[in-house]
Amino acid sequence: MFITLPDNSKKEIADGSTALDAAKAISLGLAEKAICAKVDGELFDLNEKLPGDCKFEVVTKDSPDALHVLRHSAAHLMAQAIQHLYPGVQFAYGPATEDGFYYDMKLPTPISEEDFPKIEAEMQKIVSQNLPIVREDISVEEALKRFKNQKYKTIHINELASQGKSLSVYKQGDYQDLCLGPHVKSTKYIKAFKLMSTSACYFKGDKNNDTLTRVYGTAFFDKKDLDAYLNLLEERKQADHKRLGQELSLFMFSEFGPGMPFWLPNGMIIRHELENFLWDLLTDNGYVFLKTPQILSRELWETSGHWRKYKENMYITKIDGKPFAIKPMNCPGAILVYKRDKHSYRDLPLRYAEFGQDHRHEASGALNGLFRVRSFTQDDAHILCAFDQIGDEVRRMLKLFGYVYKIFELPYSIELSTRPAKFVGKISTWNKAEAELKQCLEENGIPYQINEGDGAFYGPKLDFKIKDSLGRVWQCGTIQLDMQLPHRFHLTYTDKDGKEKEPVMLHRAILGSFERFLGIITENFKGAFPTWLSPEQVRILPVNDDEATKKYCEKIASSLHHKGVRVSVDSRNEKLNYKIREAQTKKVPYTLVLGGKEVENGNITYRLYGHMDSKTVPTPVFEKILLKDIRTKAVKRDY
C-alpha cells in the first residue's frame, strides 16, 4: 500500500500496517513524537490499521489537532478520578471542546467547585502512574457485558449497534470507556490541567431526559500554556461587557423585558456615533436608507417562507382579528419597497440599507448580555441586482467590510458556505454563484475557508469572522446570495432586450447587529473606547476653586463643546487625586488638570487614559491633537 505525505510525496509500506508502523517508516524520531495520525483528513489512533492507500500525516504536540486529542484524554482522566472518588457514578458523554473538555455524569452525591482540588489530586496521582492508554475493538455483545452497570453507555451502545457502527474502548488501568479515540499514548502526557466549573444538564440535551452534572475542565501540554490561558480568562472576566455596561452606564436589562436591552445615555452616544459612521459610509457608496414597519401580516411571512420555517421564533399578535408578526428579519420590507415601482436594468443595482429593529424569541437560558438578545438592530442592507452584477457588488462589499474592520483594528477571515443538502434552485446556478464568490475573494487576496454544505437553502454565503484583542473569534458580518425571495415575490425588471427578468437579492450586514457588535468591542477595548466613540471624551479638573481657574475651565469646555467635543467639568469639592482616579475608572480618554500656571500661560495639562504621566502644551496644540484623534477615528493614543 502507498501513503501520501503532506508534501505530496508517496511512500510504500506493508499492507495491514498501523498508523504507528507508517510513522516509523517515515522517521523513528517522528514516531516517538507522535500523538496520533491524520488519515484522509480524519484523526486516527496510532494502533489502528490503515484502510489502504491514503493521505497520511503524523500529529505531534505542535500540530493544530494535538490539543483536541490531549483534552479528550483529559476527559477520560477526570472520569477515572471521579470513578475512584465517587463509586457508582454513571457516565454519559465526555468530549473535547474548543477550550477544553467536559463530562456529563449522574453522581451518587452532588459535587461543587469546592471538590475540584481533591479530584485534581486524584487525577495527578493517575498521571504519575504513567498508565498506558490502550485501544481495543470489541463486539456489541462484549460492550454490553462490560458496561452492563452503566445506563447511559448501554443506551449509546444500542444506538451505535442499530446504525451498524463498529465499537471500540480505551482502557487505562482500572478504567475503560466506550470511545472512538484517538488518545495520547499514556496518562503521563496529560501534565497541565485544571477543572473549571460545573453545571446541570440533560442527557442528550433533552429536557425530558435525566438531569445530569456536567464538569468542565481544560488541559495543555505545558504548564506555561495553561497559566497563560488562565490569565487570559481572568483578563476576559475583567473585560466582561455585562459588568462594564453597568459600570460605565451603557445599557441595562429589566425583568419586564427579558433579553431586550435598554440603552442608557452613554450607550446611546456610542450607538449614535456608530450609526452616523455607517450612514455616511453607505450613502457615499450608493446606498439609500429605508425604515420599514415593525409588524407585518401573516400573509407576507407566508410568502417569504418565514412563517413555515421560523414561526416558533416569531412574536405573533392579532390586529383586526388577523394574525400579524413582529418582524424577525428585514428583507420582506425591502422587497415591498422594490415592488412599489417598475424597474429597468438602468435602475440596478438598487442598494437598500436599513437599521432595522428585529425581534426573535430566543430561549431564556441562551440569553447572554448583548451577545444573545431578543430585540436587536441589524445594520442591514438588501441589494437587488442582475445576475451578472453579483461579482461587482460583492467586490464593493468586500472593500466596505475591510474598511470598517480596519477602523476597529479587527483582523478577520471569511468562510464560504456552499450548497446544503436541502436547497432550492438549479445546481448550475449554485455552481456559478459559488464560483463567482470564490473569484471575488481570491482576486482581493482575502483568506477564506470552504464550509461545505452550510449555505442557506436559498443561496451560498460569506461569513466574516473577526478576532478580538482577547483572542476570541466572532462571526459578525455576512453576505448572502438569495435567488429565491425575488422569485417568491415575483420581482422583475425590464432588461435591455425588453424582456422581464428576475433580479438577485444580496443580503448584507457588516456589524451583524449593533447590540452584539457593541458587546464585542466593549470587551475588545475593555471599556476604553477610541475617543470618537467614547461617551465622555474630555473631563476637565480644576486644581482649585479660585475664580480665574473656574472661568478658564469653563472657557476651555465651551470652546471644545462648540467644536463638537463631549466635555465635562468636574468642579466638585473633592481632592484632585480622587477626581483623577475616578476619571481613569470611567475610562475618559483625556483628563485635563488646569490651575494657575495653565491660566497664566494659556496652556493645557492633559493626561491620557491608562498613562501615569501628563503633558503640558499650548491650548491650540491640544485642540489640534484631540480633534485629529476624533477625526481619524484612531484606536491608539499616545503623547
Side-chain angles (χ1 to χ4, degrees), residues 35-36 43 45-46 61 65-136 146-147 149-150 152-153 169-201 212-234:
I35 298 294
C36 66
L43 292 177
D45 191 88
L46 289 173
K61 75 174 187 177
D65 296 300
L67 266 182
H68 177 88
V69 177
L70 177 78
R71 287 166 174 169
H72 194 174
S73 302
H76 283 212
L77 173 68
M78 178 182 74
Q80 184 177 15
I82 289 174
Q83 181 176 272
H84 290 173
L85 298 171
Y86 300 88
V89 59
Q90 294 278 319
F91 292 112
Y93 299 105
T97 66
E98 186 177 347
D99 293 321
F101 60 89
Y102 68 81
Y103 219 123
D104 295 343
M105 59 196 81
K106 188 82 169 179
L107 289 152
T109 56
I111 65 172
S112 68
E113 293 183 18
E114 293 179 358
D115 299 303
F116 286 179
K118 70 178 181 183
I119 298 172
E120 289 172 339
E122 184 64 20
M123 290 169 69
Q124 200 61 60
K125 180 180 174 183
I126 297 167
V127 169
S128 66
Q129 293 171 351
N130 189 20
L131 301 175
I133 302 176
V134 181
R135 176 190 173 94
E136 185 181 351
R146 293 191 189 188
F147 294 97
N149 296 320
Q150 288 285 328
Y152 308 111
K153 295 295 180 185
V169 297
Y170 279 82
K171 299 176 69 176
Q172 54 195 59
D174 59 0
Y175 174 81
Q176 63 179 339
D177 204 348
L178 184 73
C179 184
L180 285 173
H183 288 280
V184 295
K185 298 173 188 175
S186 78
T187 57
K188 78 171 184 179
Y189 288 87
I190 317 169
K191 295 178 180 177
F193 54 82
K194 184 169 179 60
L195 302 188
M196 305 297 295
S197 63
T198 182
S199 67
C201 66
L212 306 178
T213 298
R214 177 172 292 179
V215 181
Y216 293 90
T218 192
F220 291 85
F221 283 100
D222 298 299
K223 188 176 184 304
K224 64 177 176 31
D225 293 330
L226 173 63
D227 291 342
Y229 175 73
L230 296 177
N231 288 337
L232 180 61
L233 287 186
E234 185 59 33

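The model shown is predicted, which means the values in this text are computed figures rather than measured ones.
Residues F101 and Y216 keep their aromatic ring centres 6.0 Å or farther apart. For Y229 and F220, the ring centers are positioned less than 6.0 Å apart.
When each of H183, R135, E136 is checked for a side-chain hydrogen bond (donor to acceptor under 3.5 Å, both in side chains) with Y170, only R135 meets the rule.
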**Study point:** Stepwise side-chain contact (heavy atoms from CB on, under 4.5 Å) test for M78 and V215
**Key:** CA-CA 9 Å; M78 178 182 74; V215 181; 3.6 Å; yes
Practice item. For the pair F147 and L178, evaluate side-chain contact (heavy atoms from CB on, under 4.5 Å) and give the outcome as yes or no after the intermediate values. Key: CA-CA 9 Å; F147 294 97; L178 184 73; 4.2 Å; yes
**Study point:** Check against side-chain hydrogen bond (donor to acceptor under 3.5 Å, both in side chains), D177 and Y103
**Key:** CA-CA 12 Å; D177 204 348; Y103 219 123; 2.5 Å; yes
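Side-chain contact between M123 and I190: absent, with no pair of heavy atoms (C-beta onward) separated by less than 4.5 Å. Using a 4.5 Å cut-off on side-chain heavy atoms (C-beta onward), K106 and T213 make no contact. Between V127 and Y189, every side-chain heavy-atom pair lies at or beyond the 4.5 Å cut-off. The closest side-chain heavy-atom distance from I133 to K171 is not below 4.5 Å. In this structure, the side chains of D222 and K61 come closer than 4.5 Å at one or more pairs of heavy atoms. In this structure, the side chains of I35 and F221 come closer than 4.5 Å at one or more pairs of heavy atoms. You'll find the side chain of H76 reaches within 4.5 Å of the side chain of C179, heavy atoms only. L212 places none of its side-chain heavy atoms less than 4.5 Å from the side chain of M105.
In this structure, D45 CG and K185 NZ are separated by 11.0 Å, a value rounded to the nearest 0.5 Å. In this structure, CD on Q80 lies 11.0 Å from CD on Q176, to the nearest 0.5 angstrom. To the nearest 0.5 angstrom, E120 atom CD is 10.5 Å from L77 atom CG.
In this structure, the side chain of Q90 does not engage the main chain of L107 through any donor-acceptor pair within 3.5 Å. Put simply, the side chain of T187 gets close to the backbone of L131: a donor and an acceptor are under 3.5 Å apart. Although no hydrogens or angles enter the test, the distance criterion places no donor-acceptor pair under 3.5 Å between the side chain of R71 and the main chain of Y102. Remark: side-chain polar atoms of R214 are not paired, donor with acceptor, to backbone N or O of T198 under 3.5 angstrom. Without hydrogens or angle criteria, Q150 side chain to F91 main chain gives a donor-acceptor distance under 3.5 Å. In terms of modelled atom types and a separation under 3.5 Å, the side chain of S73 and the main chain of V184 share a donor-acceptor contact.
Smallest separation of non-hydrogen atoms from A219 and A74: CB-CB, 3.8 Å. Closest approach of L43 and C36 over heavy atoms only: CD2-SG, 4.0 Å. The shortest heavy-atom contact between P132 and S186 is CA-CB, 3.9 Å.
Within a 6.0 Å sphere centred on CD of E234, heavy atoms belonging to other residues, nucleotides or ligands number more than 12. K191 NZ: 12 or fewer foreign heavy atoms inside a 6.0 Å radius.
Counted by atom type alone, D104 and Y152 present zero donor-acceptor pairs between their side chains at under 3.5 Å.
Judged as a side chain to side chain contact (heavy atoms under 4.5 Å, CB included), and not counting sequence neighbours, the contacts of L230 are K194, M196, L226, L233.
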